[in-house]
Structures are given as structure tokens and as C-alpha cells.
Amino acid sequence: MTTAIVLFRRDLRLNDNPALSAAYASHSRVLPLYIHTENEDAPWQLGGASRWWLHHSLRALHEQLRERGGQLHLCKGNTLPSLRDVIEHSGTRAVYWNRRYEPAAIARDTHVKQALREQGIEVHSYSATLWREPWQVQTKQDAPYRVFTPYWRSVRPTLSVVEPLPEPTGVEWADIPGSAPLEAFELLPRIPWYKAFGESWCPGERGAWDMLELFCDDALRDYAAARDRPARHGTSRLSPHLHFGEISPQQIFHALHRHAQRIDTRRRPDIEPYLRELGWREFAYHLLYHFPRTPVESFNPRFADFPWAPDDDALLRRWQQGRTGIPLVDAGMRELWQTGWMHNRVRMVVASLLTKNLRQHWLHGARWFWDTLVDADLANNTLGWQWVAGCGADAAPYFRIFNPVSQAQKFDPDGTYLRRWLPELAQLPNDLLHEPWKDASVAQRTGYLPPMLNLQASRAAALGAYASWHA
DNA sequence: CCGCAGTTGGA
DNA sequence: CCAACTGCG
């Protein structure tokens, strides 16, 4: 009669959870544990929006366990002392977890594993958030891939539909006295800016599957085109669920495949474009593993002396608050603030404006996204910002500067997205909605600010600065 | 060593 | 057409 600890981290699910299944296979009792380590992930400790999500996801997991006669044991503190405490009070000799891939987490886990083993505790770790471990994918020259297309060409053919692990049934859940209340984590920020998040999101394993079902029923068929239209719910919106491991890529692949198979061949949706996006996520994790300094340093070393404009707080604040006077940018930043999420197409546009037109360092944008996105993810955030800024792996070339007006006209032609997030402009006809500055009276009538920059001039200045630096 | 190709654009 | 460069096989 032995007990095993299952340490939950970014795997807040009971299905397809290798650590949980393995623990249950070898032990008669399982003690589910979550440790709130306030600072171990510094400088990338959880941002505000992520904290909101985590709060609700932990509550959801706790409820799931209660329905099964158990409960999630919560403690606050550093991982090793907290684990030792629980080990001592529960008489446990084995700890199971699923791996994480952020540099700080790897260092921490390596240390904890070694320390526990030295005191005679078994530690077992598993792969649960990626299709392939980062060290398993290499070029013919035994180097990590730096370009997505060859990476994907090498990985995709090796992926197959695998039956996900079922939730273990009949588990005897263990607990010890002294669990902290969830409120003790103080995860909900003092400023209740997140009060509308609940209208968009349902954190937790069940919420993840509801979202996936919505995607299958609605957007999947038309994904390749619809995913570029910010007014539509054309994307999967699974990113925060994936980040916290409420659902795994394996489960998604399996579910999409099964869903597609049930539809007759002529109307069967093509799941490849979406799998490719999951491939980007996988690629981002692999890059972060192989290039652990990229969260703070440009992937391309040439950019070490890139002439970013001097930091400008006033300018940054207007960008953050959605007060730039550029409709698509302001709409996106307000969507982010109000829902904790922004459509990917719009993310590229706001990031391009900050890093290219305004020439602010990409880290300023990355940090804001880190704090405000419910799907803030070190691997994806780093890759995304460096890609837009032009200093990343497989990055956009410097001369590719998004024009927010033409992007809006192309992907939100009827202005639905702009009107949703810029209600003060909702009454304008489409041409003025896309370019409110064309009528000087709009600013007075609506209170909408005149643009803080000239798109053409700032573009030319950015190209000029790049060219003279590059020469 | 050679050849091919490279997420998302703008004017 | 903007620039060439390099990752990869």
C-alpha cells in the first residue's frame, strides 16, 4: 500500500496525463499536489491575466477531484521544501510530474530531481505537452532546426493518431491536513480589470473540451481562410487551455481526426492547416529549449546592436491603452485588455507597429503581452515577438512592415471587428472607420484621438534606420 | 558543394 | 520589385 505524489504544473487535466497514469499504475494511492511557486519562474513569473486563468483552472481541477472523492492539495512556497514537507507528512517515497521546458523550470526541476533522489525518493518525469521532445528532433547535421518549413516537413510525417491515455478510474485519492485555501495564492489581481474574462473563457479541462467541440462544429471546416478574419471566431481559441495543459496536442489531433472521419469524404474538413499551427507551437518550444536565452536576447546575434529608438514610456502607454489613433491597433489592444486575448492577425499588426513604425524594443511588447494575455506562453510569446521584429528564427524580413489600414481593409472589410472594440466609431461609414483622420470633424464628434504617428513617414524612417545599420 | 526555398506584406 | 542570406537536404 504505497502512495505517490503527482505534482501538477502545466498539465491541469486528468485525461491523457502520463504522470498521473504512471503513478496510479505503480501505487495504490495518489496524492495530487499543486505548489504555488511565486518566484521560481522569474523573471517570467505568471502575469496578471495568467493568474486569473490559473485561479479558475485550479478550482476546476479541484472540483473534478472532489467529484471523484479526492481533493487537490495546495501549498505555497518553493518546490523542493514544499515537496519535502508533503513527502514527510504523507510517508510518500515517489513523485511523478510532467516535464516543463522553460529555462528556469528545467533548472529547477533538475535540481529538485537530484536532491530528492539523493534522499532516496523516486522521481519520474514524463512528456505531456508536446508531440516530440525537443532533443528528439534534429537536422541531418544533428543541429536543431531554425526554419519552420523543413522542421515541419521532418516532424509531420512521424506524427500519427494515437489513442490518448484515458483518465484512470478507481483511483484512491490521498491527502494530508494543511492544504492552503486557493484564496491564499492571491491569484486574482487587485484591479478587477479581468471582470469580463469570464464571458469569453471557461478555464479547466471541461472548458477546453467545450472549446474544441465549438471549433469542430463551426470554424474547422473553413479554418484556412476564417482564421485570418478577426471579427469571426475563426480560430480555435485553445491557446490558454493548451498553455495550462488542460488539453494536450495529442488529444486535439486524435479528436480532430475522429471528427473528420465521421464526415463524408466530399465535405470532410482538412485538419492539416490547424495541425500546422500546433506545429508552430511545438517549434517554439523546441527553439526555447535549444536557445534558452531568446526570451531576453534576439535569436539573431546581429541584432545585439540594432538601433531601436530610445525607450519612450508615453508612447508605450498609448500603445498599451489602445489610444494610438490607428483603428485596428486600438481595437486589438482593447480586445486584449478586455478579454485577455487578441486575434493572431491583429497581434502581428500591433507588434509590427510597436517594433517597426515606433521602433521600440520587442521586449516591451513581449512584457505587456506576458502580463495581459491569458495564453501568455514563454515559447510562443518569444517566437512571435522576435518573428515580427525581424530578429527571430525564420523571421519576417525587415522590409515587411504591416500597414494597419490595409490589413483592416483586407481582413475586416465591413469593419465588424473595429466597431466591436471601438464603439465610439461605430456609426462611421466604412471608409472613415478605416481612416478616421480623413475627416477632421471625426475627432471632435467622437472623441477618438488623431493618429499618434504618420504610417508612411514612420515606415520610411524605420526602413532607413535598418538600412544604415545593416550596411 | 550546389541548388532550392523561405507563414502571414507594401507601394 | 524591395535584399540578399542561410538553412537544409
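In what follows, every chain begins at residue 1, and chains take the letters A, B, ... in the order their sequences are listed.
- With A:Q261 contributing its side chain and A:R268 its backbone, the two residues share no donor-acceptor pair below 3.5 Å.
- When rounded to the nearest whole Å, the span between CZ of A:F303 and C1' of C:dC5 equals 13 Å.
- Checked for salt-bridge contact, A:D222 and A:R232 meet the test: a charged N lies under 4.0 Å from a carboxylate O.
- To the nearest whole angstrom, the two P atoms, one in C:dG7 and one in B:dC1, are 16 Å apart.
- Exactly one residue among A:T37, A:T79, A:D109 makes a side chain to side chain donor-acceptor pair (under 3.5 Å) with A:R9. That residue is A:D109.
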Each nucleotide N or O in nucleotides 8-11 of chain B that has a protein N or O under 3.5 Å away: list the pair and distance.
{"from": "B:dT8", "atom 1": "OP2", "to": "A:R400", "atom 2": "NH1", "distance (Å)": "2.7"}
{"from": "B:dT8", "atom 1": "O2", "to": "A:R345", "atom 2": "NH2", "distance (Å)": "3.1"}
{"from": "B:dG10", "atom 1": "OP1", "to": "A:N403", "atom 2": "N", "distance (Å)": "2.7"}
{"from": "B:dG10", "atom 1": "OP1", "to": "A:N403", "atom 2": "O", "distance (Å)": "3.4"}
{"from": "B:dG10", "atom 1": "OP1", "to": "A:S406", "atom 2": "OG", "distance (Å)": "3.4"}
{"from": "B:dG10", "atom 1": "OP1", "to": "A:Q407", "atom 2": "NE2", "distance (Å)": "3.4"}
{"from": "B:dG10", "atom 1": "OP2", "to": "A:Q407", "atom 2": "NE2", "distance (Å)": "3.4"}
{"from": "B:dA11", "atom 1": "OP2", "to": "A:N403", "atom 2": "ND2", "distance (Å)": "3.4"}

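- With sequence neighbours excluded, no residue satisfies ring-ring contact (aromatic ring centres under 6.0 Å, His included) with A:H254.
- A stem is defined here as three or more consecutive Watson-Crick or G-U pairs, each with both distances under 3.5 Å; for DNA chain C these stems are B:2-6 with C:5-9.
- Residues forming a side chain to side chain donor-acceptor pair (under 3.5 Å) with A:E424 (at least two apart in sequence, or on another chain): A:R334.
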Would you tabulate the pairs of protein nitrogen or oxygen atoms and nucleotide nitrogen or oxygen atoms of nucleotides 7-9 of chain C closer than 3.5 angstrom?
{"from": "C:dC8", "atom 1": "OP1", "to": "A:R146", "atom 2": "N", "distance (Å)": "2.5"}
{"from": "C:dC8", "atom 1": "OP1", "to": "A:V147", "atom 2": "N", "distance (Å)": "3.1"}
{"from": "C:dG9", "atom 1": "OP1", "to": "A:Y145", "atom 2": "OH", "distance (Å)": "2.6"}
{"from": "C:dG9", "atom 1": "OP2", "to": "A:K140", "atom 2": "N", "distance (Å)": "3.2"}

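- Among residues two or more places apart in sequence or in another chain, the ring-ring contact (aromatic ring centres under 6.0 Å, His included) test is passed with A:W387 by none.
- Side-chain contact annotation: A:Q386 with A:T294, donor-acceptor N/O pair under 3.5 Å absent.
- In this structure, the ring of A:Y417 has its center no less than 6.0 angstrom from the ring center of A:H343.
- For the pair A:R100 and A:D41, the salt-bridge criterion is met [side-chain N within less than 4.0 Å of a carboxylate O].
- Both tests pass for A:R281 against the ring of A:Y285: distance under 6.0 Å to the centre and angle within 45° of the axis.
- Taking atom C1' on both nucleotides, C:dA4 is separated from B:dG3 by 16 Å, rounded to a whole Å.
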